[in-house]
Amino acid sequence: MSEAKRLSQYLAEQQRSGRVDADFVGLMNDIAAACKLISDQVNKGNLIGLLGSAESENVQGETQKKLDIISNDEFTNILAEGGHVAALASEEMDEVYNLPPNMKRGGYLCTYDPLDGSSNIDVNVTVGTIFSVLKAPEGKQNPDEQDFLKPGTEQVAAGYVTYGPSTILVLTIGDGVDGFTLDRATGEFKLTHPNITIPEQTSEFAINMSNKRFWDAPVTRYIDECLAGKEGPRGRDFNMRWVASMVAEVHRILTRGGVFMYPIDSKIRERGGKLRLMYEANPMSMIVEQAGGMSITGPERIISVQPQKLHQRVPVILGSKEEVQRIWDYHHE
Ligand code: AHG
Ligand code: MN
Ligand code: MN
């Protein structure tokens, strides 16, 4: 078997073909470096005392884990020092992060969920990092919240890294989806999953069933029909998974198909949903669409949603095309 392509080689090729510029290549190398550090710390866990809560809350009122804070600091510092971004925004920071005055600015904005699925850290289940890249406004020293509020269709790139049995980086720059596995012996991400596509059909769904009594009618109908199995209107049996780490669910769906849902329900209606548009829903939706799947709020395509605020939440239904199309249809009947 010939040696797998390294991420840095892959990026250099993309630059030569004119698909990305040098600034973007620099940014992606910084993101990879940050995620390698996070991977190492998630992996060491309590050997270096990193499990457990930090006794603080983020802007959304969620208790932060020690690793939420450490991952956020590392990701933020590495990108800020790299010189390829003009500003940053994270699930774990109240406001837009502007670089210190003396630091070099780059041509991009990056939003991120530094550690997704952090309720799973202490039980040693897969967690991950999710990121989205936008163009920075021209000639602005300190971009503000408004500069970030672009629909997902304007993302230049999106990706995630899963810290599971392997550390895998999945990336789209708007021309398909590729996956890279971290080779711990050499410290490099290597192209192991070129051109990922989501099977259009599936008999597997993922939803937190404990919220069933709060769902809206179209989601209840869809799940009830799946649960009815062979004897029901779908005429076949369905299988269910729920990891409670969106990165792990999306990675499973990219690998073998499926549907993932965190829909609106009456318990979270006022908040607009559970998952965050800028850090979770938009990047995952770009990846899923680039892999041939679909990603919707219910009645709308997620990446068409015009964001109103940085920490906005949104309902998410994504995965294999045929099933998500069916759920879309149920919302429009
Ligand atoms: P985070 O750890 O970044 O706050 O995100 C957790 C999210 C998502 O990854 C997962 O699908 C969902 O929350 C799980 O929610 P429940 O605990 O309600 O099942
Ligand atoms: Mn998350
Ligand atoms: Mn998180």
Side-chain angles (χ1 to χ4, degrees), residues 34-35 38-39 41-42 50-54 56-76 88-94 110-132 158-164 170 205-215 219 223 240-254 258-269 271-285 287-288 295 297 302 310-319:
C35 292
I38 298 171
S39 172
Q41 282 165 348
V42 166
L50 292 188
L51 299 190
S53 294
S56 58
E57 280 188 356
N58 64 15
V59 65
Q60 335 197 21
E62 298 161 337
T63 308
Q64 291 175 305
K65 299 281 184 183
K66 286 183 200 162
L67 273 167
D68 278 324
I69 296 176
I70 292 166
S71 309
N72 184 60
D73 289 350
E74 281 168 348
F75 203 96
T76 305
L88 299 164
S90 161
E91 181 185 289
E92 301 299 340
M93 297 193 286
D94 299 6
C110 183
T111 71
Y112 42 100
D113 176 355
L115 209 57
D116 175 64
S118 52
S119 73
N120 278 324
I121 293 170
D122 294 349
V123 291
N124 199 26
V125 169
T126 297
V127 291
T129 300
I130 309 171
F131 60 90
S132 159
Y160 66 78
V161 178
T162 56
Y163 312 115
V170 170
F205 64 86
I207 193 165
N208 185 335
M209 285 291 292
S210 69
N211 295 322
K212 189 174 198 297
R213 68 189 188 284
F214 305 112
W215 296 340
V219 169
I223 297 296
M240 197 197 91
R241 288 285 182 275
W242 188 249
V243 185
S245 284
M246 188 193 199
V247 274
E249 322 268 11
V250 169
H251 195 69
R252 184 185 62 249
I253 288 170
L254 287 179
V259 180
F260 166 82
M261 304 197 232
Y262 216 115
I264 197 69
D265 69 43
S266 59
K267 205 165 45 141
I268 55 174
R269 200 177 311 277
R271 285 192 277 153
K274 159 93 183 188
L275 299 170
R276 278 118 318 193
L277 179 59
M278 305 298 290
Y279 319 111
E280 296 169 316
N282 267 343
M284 289 311 205
S285 299
I287 294 167
V288 165
S295 185
T297 61
I302 287 180
L310 208 50
H311 294 290
Q312 182 168 335
R313 296 178 190 253
V314 72
V316 175
I317 298 169
L318 60 78

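Sequential numbering from 1 along the given sequence is applied to the chain's residues. For ligands, and for the atoms within them, numbers begin at 1 and follow the listed sequence.
The Mn ion (ligand 3) has an N, O or S atom of L115 under 2.8 Å away, backbone or side chain.
A donor-acceptor pair is defined here as one N or O able to donate and one able to accept, closer than 3.5 Å; no such pair exists between the side chain of H311 and the backbone of R276. At least one donor-acceptor pair closer than 3.5 Å links the side chain of Q60 to the backbone N or O of E91. S295 places no side-chain N or O within 3.5 Å of a backbone atom of V288 that could act as its donor or acceptor partner. Judged purely by atom type and a 3.5 angstrom limit, K66 uses its side chain to pair as donor or acceptor with the backbone of L51. At least one donor-acceptor pair closer than 3.5 Å links the side chain of S245 to the backbone N or O of T126.
Residue contacts with ligand 1: R276 is included, with a non-hydrogen atom under 4.0 Å away. Heavy-atom distances between L275 and ligand 1 reach below 4.0 Å in at least one pair. Heavy-atom separations between Y279 and ligand 1 are all 4.0 Å or longer. Put simply, part of L115 is less than 4.0 Å from ligand 1, judged by heavy atoms.
When only interatomic distances are considered, the shortest N/O to N/O separation between M246 and ligand 1 falls below 3.5 Å. Polar contact check, G117 against ligand 1: a nitrogen or oxygen pair lies under 3.5 Å apart. Taking any N or O of E91, backbone or side chain, at least one lies under 3.5 Å from an N or O belonging to ligand 1.
When each of N58, N72, T76 is tested with E92 by the rule side-chain hydrogen bond (donor to acceptor under 3.5 Å, both in side chains), just one qualifies, namely N58. The side-chain contact (heavy atoms from CB on, under 4.5 Å) test with V247 singles out one residue from V127, D113, T162, and that residue is T162.
Looking only at heavy atoms of the protein, atom 18 (O) of ligand 1 is closest to Y262 OH, 2.5 Å. Ranking the protein heavy atoms by distance from atom 13 (O) of ligand 1 puts K274 CE, 3.2 Å first.
Using a 4.0 Å cut-off to heavy atoms of D113, the atoms of ligand 1 that qualify are 3 (O). The distance from ligand 1 to the heavy atoms of E280 drops below 4.0 Å at these ligand atoms: 3 (O), 5 (O). Residue N208 approaches ligand 1 through these ligand atoms, each under 4.0 Å from one of its heavy atoms: 16 (P), 18 (O), 19 (O).
Looking at R271 and E62, no side-chain N of the basic residue comes within less than 4.0 Å of a carboxylate O on the acidic one, giving no salt bridge.
Selection from D116, V243, I130 by nearest heavy atom to atom 9 (O) of ligand 1 gives D116. For atom 14 (C) of ligand 1, the nearest non-hydrogen atom from the set A248, S245, A244 belongs to A244.
Around the Mn ion (ligand 2), the two atoms OD1 of D116 and OE2 of E280 are separated by an angle of 110°, to 10 degrees.
As for D113, its N/O/S atom nearest the Mn ion (ligand 3) is the one called OD1. Within E91, the N/O/S atom positioned nearest the Mn ion (ligand 3) carries the name OE2.
The shortest distance between side-chain heavy atoms of R252 and F260 does not fall below 4.5 Å. A 4.5 Å side-chain heavy-atom check between I302 and N282 finds at least one atom pair inside the cut-off.
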Margin query: Go through it in stages, so that I can follow the logic: the residues are K65 and D122, the test is salt bridge (Lys or Arg N to Asp or Glu O under 4.0 Å), and I'd like the CA-CA distance, side-chain angles, deciding distance and then a yes or no.
Written below: CA-CA 9 Å; K65 299 281 184 183; D122 294 349; 3.2 Å; yes

